[in-house]
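Notes follow the structure.
Naming convention: chains lettered A, B, ... in sequence-line order (proteins, then strands); numbering from 1 in each chain.
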Amino acid sequence: MRTAPRAPMSEKVVTRFAPSPTGYLHIGGARTALFNWLYARAKGGQLLLRIEDTDQARSTEGAILAILDGLRWLGLDWDGEPVYQLTRAERHREMAEQLLAEGKAYCCYASPEELQAMRERARAEGRAPGYDGTWRHRDPSEAPTGVEPAIRFKAPREGETVIEDRVQGRVVFANKDLDDLVILRSDGTPTYNLSVVVDDHDMGITHVIRGDDHLTNAARQTQIFKALGWDTPIYAHLPLIHGPDGAKLSKRHGALGVEAYRAMGYLPAALRNYLVRLGWSHGDAEIMSTEEMIRWFDLDAIGRSAARFDFVKLENLNGHYLRAMPDAEIVKRLEALLPELPDGAALAKRIGKEGWRKLERAMPGLKERAKTLVELLDNASFLFATRPLALDEQARKLLDGSGRDTLATLLPRLEVVEPWTQAGLETAIRAFADEAGLKLGKAAQPLRAALTGRPTSPGIFDVLEILGREESLARLRDQVHASKPA
RNA sequence: GCCCCCUUCGUCUAAUGGUCAGGACGUCAGGUUUUCAACCUGAAAACAGGAGUUCGAUCCUCCUAGGGGGCGCCA
């Protein structure tokens, strides 16, 4: 049922991502961008970027920067320079006047108050709250003086407008349900639906892939395309992403800017992988490289139902990508991430050059245990801690009972270990546990508590080696001495 | 209110006019183990409801319910 209406195979694919810069790049926008990018790359086409900044009251320079930055971080590149819609207003106005001259649009002198009253009346009478077409029929000679008119599109009254959508299938709108929309405001600036049509045409866009909140716009835009004598692009309207509770995405769950995901310690590759599986699938494939995504991606495999955002699954994927990442690469990412963390500057100072070296050595043990970069950094904090270590509650418990005594007995055996290597330490500690008739854990846990201040950490022999002889023994002595009754 | 879209395990999804309805995350139970994680094994877990078409419907059609989107001189 989902057939492509046009687009000969020879036609080069040109997609576009067209955010309005009224805020950050949110997660739904990020997925839309990803799908446009994948489709363009899959078909050897182009992805163009268009900033829809015609709402001058709400558009900001900061938002533009945030969106471009977000796209770059996600690893999505675009072709050519971004098109700023505002710079094309003159062209849009010309097209509106052309439609007016051709009798396909008309001047509307209704005031905002009149329109408001009209909507209320329609609602009260149970009719659609659209424009009633008053000025479509009135003679311009009746125009009130001193009022600049808006230009309205003369939408067809009869018949239907059909969208052959690559995702949604064939969608039919009765023309009587689509009113005469304003295409040029009374201040001479173009409105969204006109600008989009003109730009999509002028930019040579072949495929419009966007959220399905635009499905009704597709019908209106189709009418304008026809009135201008242009072919419509191929449409693909993606189902929306909902919050975990099935309701609209809000800031409380997923509707954060991508920079928030970056600050939470997610990796771009993981986020891409997570997002691509929201609404699209390739058999049972779950974890896939970007190359595979591009190779497999197609519009036909996009589902039609909305998906809920699931942080737990994102975390699982992120953990996967983290474990697969080379140690040095993770260190680099952590360094880049630090400035974005609340106490990042202080932490950076505390880590220092030596700390980064230790961190990389500890990385094999650390990356196995973290789902995000932030969590990894937190798990690594024992590396940079200063003596005497603060113990958390569970670590304290491990040292309260016999744990501290065990440490006291073990300490002299460690003091003579030479050289201070993982293998040597393991031999010594295992021998000690053996002789004392203890399971290894009975020795390892108090050690862990004293060395890291926590009940969990990377393997204890790794911890000892990376911390080094002096620091390790000092931390152990701190705890052994703390056992002496005051 | 009107128009449009959607509905398979808790979540993301696969598949098919005849299947034990598959996978992944999560959950639970084991295993491994110096902790945690990772890893391995196993388990529970879904075709929204009702009609119709058909020898046979999760799959096709219609209705209902539920969810979502849209109805601006916003984009």
Side-chain angles (χ1 to χ4, degrees), chain A residues 18-22 52-55 57-59 85 108 110-112 115-116 119 122-131 148-152 163 165 167-169 171-174 176-179 181-187 189-193 195-196 211-217 219 237 239-240 242 244 246-248 274 277-287 303-310 312-317 319-320 323 365-371 379 394 398 426 429-430 433 439-445 447-449 452 454-461:
Chain A
S20 60
T22 53
E52 308 213 322
D53 53 356
T54 51
D55 184 349
R58 292 193 302 155
S59 297
Q85 198 159 53
C108 173
S111 68
L115 293 173
Q116 181 66 27
R119 273 183 212 110
R123 179 166 281 271
E125 293 168 18
R127 289 180 292 109
Y131 182 68
E148 280 302 319
I151 297 181
R152 277 188 193 272
I163 312 296
D165 194 277
V167 172
Q168 306 292 339
V171 184
V172 179
F173 293 87
K176 65 177 171 56
D177 294 325
L178 301 170
D179 66 348
L181 75 173
V182 169
I183 53 177
L184 197 73
R185 298 185 187 96
S186 48
D187 66 1
T189 60
T191 62
Y192 170 75
N193 279 297
S195 296
V196 166
D212 81 15
D213 49 335
H214 284 287
L215 197 53
T216 315
N217 285 330
H237 286 92
L240 269 20
H242 291 163
K248 202 172 175 178
Y274 177 71
R277 288 284 294 105
L278 243 38
W280 176 81
S281 60
H282 180 76
D284 283 341
E286 292 287 345
I287 290 173
R304 275 165 298 178
S305 54
R308 299 186 188 203
F309 195 89
D310 182 4
V312 178
K313 188 157 183 179
L314 207 210
E315 283 203 340
N316 171 275
L317 275 172
H320 174 90
R323 292 193 293 279
L366 287 167
K367 70 182 180 185
E368 285 291 319
R369 295 170 169 77
K371 304 247 187 249
N379 290 343
Q394 292 181 74
L398 283 168
E426 177 159 2
I429 293 167
R430 282 193 187 276
K439 290 186 72 173
L440 187 53
K442 284 291 178 191
Q445 281 306 80
L447 277 172
R448 195 181 319 275
T452 71
R454 298 185 184 183
T456 66
S457 81
I460 197 63
F461 310 120

Inter-nucleotide [atom1] distance ([N], [M]), Å rounded:
N	M	atom1	value
rG56(B)	rU19(B)	P	14 Å
rG23(B)	rG42(B)	P	10 Å
rA51(B)	rU58(B)	P	12 Å
rU7(B)	rC59(B)	C1'	14 Å
rC9(B)	rC28(B)	C1'	15 Å
rG30(B)	rU11(B)	C1'	25 Å

Just how far, in rounded Å, is [atom2] of [N] from [atom1] of [X]?
X	N	atom1	atom2	answer
Asp187(A)	rG72(B)	CG	C1'	14 Å
Leu178(A)	rG70(B)	CG	C1'	11 Å
Arg58(A)	rG72(B)	CZ	P	15 Å
His242(A)	rG10(B)	NE2	C1'	17 Å
Trp280(A)	rG23(B)	CH2	C1'	15 Å
Leu278(A)	rU11(B)	CG	C1'	10 Å
Glu368(A)	rU33(B)	CD	C1'	14 Å
Leu317(A)	rG26(B)	CG	C1'	13 Å

Partner nucleotide of [N] by Watson-Crick or wobble geometry (both distances under 3.5 Å):
N	value
rC28(B)	rG42(B)
rC20(B)	none
rC74(B)	none
rC36(B)	none
rA48(B)	rU64(B)

RNA chain B: 5'-proximal contact among Asp177(A) and Glu426(A) (nearest heavy atom):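 Looking at RNA chain B, the more 5' nearest nucleotide goes with Asp177(A).
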5' precedence on RNA chain B between Pro112(A) and Gly459(A) (nearest-nucleotide basis):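 Taking each residue's closest nucleotide, the earlier one in sequence belongs to Gly459(A).
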Would you tell me if any nitrogen or oxygen in the side chain of [X] comes within less than 4.0 Å of OP1 or OP2 on [N]?
X	N	answer
Thr216(A)	rC3(B)	no
Arg185(A)	rA75(B)	yes
Arg430(A)	rU34(B)	yes
Lys442(A)	rU35(B)	no
Arg454(A)	rU35(B)	no
Asn379(A)	rC36(B)	no
Thr54(A)	rA75(B)	yes

Using a 4.0 Å heavy-atom cut-off, does [X] contact any base of the nucleic acid, only the sugar-phosphate backbone, or nothing at all?
X	answer
Ala307(A)	sugar-phosphate
Asp53(A)	nothing
Leu240(A)	sugar-phosphate
Thr456(A)	base
Val172(A)	sugar-phosphate
Ala110(A)	base
Ser457(A)	base
Glu286(A)	base
Lys439(A)	nothing
Phe173(A)	sugar-phosphate
Gly279(A)	sugar-phosphate
Arg277(A)	base
Pro239(A)	nothing

Check: [N] base within 3.5 Å donor-acceptor of [X] side chain:
X	N	value
Arg369(A)	rC36(B)	yes
Arg304(A)	rU7(B)	no
Asp212(A)	rG69(B)	no
Ser186(A)	rC73(B)	yes

Can you tell me which nucleotide in [options] comes closest to the side chain of [X]?
X	options	answer
Leu215(A)	rU34(B), rG23(B), rC4(B)	rC4(B)
Arg308(A)	rA75(B), rG26(B), rC12(B)	rC12(B)
Asn217(A)	rU34(B), rA75(B), rC6(B)	rA75(B)

From Arg430(A) atom CZ to Leu440(A) atom CG, the distance as rounded to the nearest 0.5 Å: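 Reported to 0.5 Å precision, the distance equals 4.5 Å.
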Nearest-0.5 Å distance, CG of residue Leu314(A) to NZ of residue Lys371(A):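 Between Leu314(A) CG and Lys371(A) NZ, I get 11.5 Å after rounding to 0.5 Å.
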Going by heavy atoms in the side chains, are [X] and [Y] under 4.5 Å from each other?
X	Y	result
Ile287(A)	Leu317(A)	yes
Ser59(A)	Pro21(A)	yes
Leu398(A)	Pro455(A)	yes
Glu368(A)	Arg323(A)	yes
Leu447(A)	Ile429(A)	yes
Gln168(A)	Arg304(A)	yes
Asp212(A)	Val167(A)	no
Cys108(A)	Tyr131(A)	yes

